[in-house]
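Since we're looking at a predicted model, the values are computed, not measured.
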Amino acid sequence: MTAKVAPFLDESDLNNPTENNNMEIENERQSSTKFDISTKQMAKTVYPIINNNASVKIRLSTLESTIEVQNDYNLLTLDSFGNLADNLRSADVNLQDLLRQTQDHFTNVIASLKKEYDHKFELQATENKRLQNNIASLKAESNQTKRRLHITVEKLKKLKSDFGDPDEPFDDDSSLLSTTMLPTRPNTSMF
């Protein structure tokens, strides 16, 4: 009695396919990963059939063949799981590096934007203070001009009363001054 065992493909077999299964492995290699190919090969593994009518020696030989095939299958499975674990660790490290780089990039961009906006806010605050000072000085100048105008009007009244103008009686020009009066205190409610 002969047992039928599927061909075992290790890594060297995958890189150099034999003549018999060249086409099949090449098609699998194009459409699958190394792990998928190994898994398909494990699924194709056929274990020897033990004939109960055979002698003990043949049975032991068949069991040894089964153990050998199972051992090969277990080694291939262990290797595949080891590769998967390595890939998982590598992917984890790569993802952590990518996350760290992305976080660093965003942190740098946010810090740059914050610095830029802080600078713009400082410039705006300085400009606002300059404009407030200009407004205050213009209001002070306006008040001084009003006082001078008032003094000039008073002098004009005095001159008219001293020299007199018989044809035109002089009215009080306080209505003129009241329309030009502005508040004397600068507006500081902006800040």
Run the side chain to side chain donor-acceptor pair (under 3.5 Å) check on N128 and Q132 step by step: do they pass? CA-CA 6 Å; N128 288 348; Q132 279 183 335; over 6 Å; no

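Annotation: the span from K139 atom NZ to N143 atom CG amounts to 9.0 Å, rounded to 0.5 Å. The distance from the OG1 atom of T62 to the CD1 atom of I67 is 11.0 Å, given to the nearest 0.5 Å. Here the straight-line distance linking atom CG of L131 with atom OG1 of T126 works out to 11.0 Å at 0.5 Å rounding.
Qualifying salt bridge (charged side-chain N to carboxylate O under 4.0 Å, His left out) partners for K114, counting only residues two or more places apart in sequence or in other chains: D118. With sequence neighbours excluded, the residues satisfying side chain to side chain contact (heavy atoms under 4.5 Å, CB included) with S55 are K57, I58. Residues passing the salt bridge (charged side-chain N to carboxylate O under 4.0 Å, His left out) test with D162, sequence neighbours excluded: none. E116 meets the side chain to side chain contact (heavy atoms under 4.5 Å, CB included) test with L113, K120; sequence neighbours excluded.
Using a 4.5 Å cut-off on side-chain heavy atoms (C-beta onward), E127 and L123 make no contact. Counting only heavy atoms from C-beta outward, the side chains of D97 and V93 approach each other to under 4.5 Å.
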Which side-chain N or O atoms in residues 101-110 pair as donor and acceptor under 3.5 Å with protein atoms at least two apart or in another chain?
{"from": "T102", "atom 1": "OG1", "to": "L98", "atom 2": "O", "distance (Å)": "2.7"}
{"from": "T107", "atom 1": "OG1", "to": "Q103", "atom 2": "O", "distance (Å)": "2.7"}
{"from": "N108", "atom 1": "ND2", "to": "D104", "atom 2": "O", "distance (Å)": "3.3"}

Side-chain donor/acceptor pairs under 3.5 Å, residues 83-91, sequence neighbours excluded:
{"from": "N83", "atom 1": "ND2", "to": "D79", "atom 2": "O", "distance (Å)": "3.4"}
{"from": "D86", "atom 1": "OD1", "to": "R89", "atom 2": "NH2", "distance (Å)": "2.5"}
{"from": "N87", "atom 1": "ND2", "to": "N83", "atom 2": "O", "distance (Å)": "3.4"}

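Side chain of S142 to main chain of L138: no donor-acceptor pair is present (N/O by atom type, distance under 3.5 Å, no hydrogens or angles).
For R148, the CZ atom counts as loosely surrounded, since its 6.0 Å shell holds 12 or fewer non-hydrogen atoms of other residues, nucleotides or ligands.
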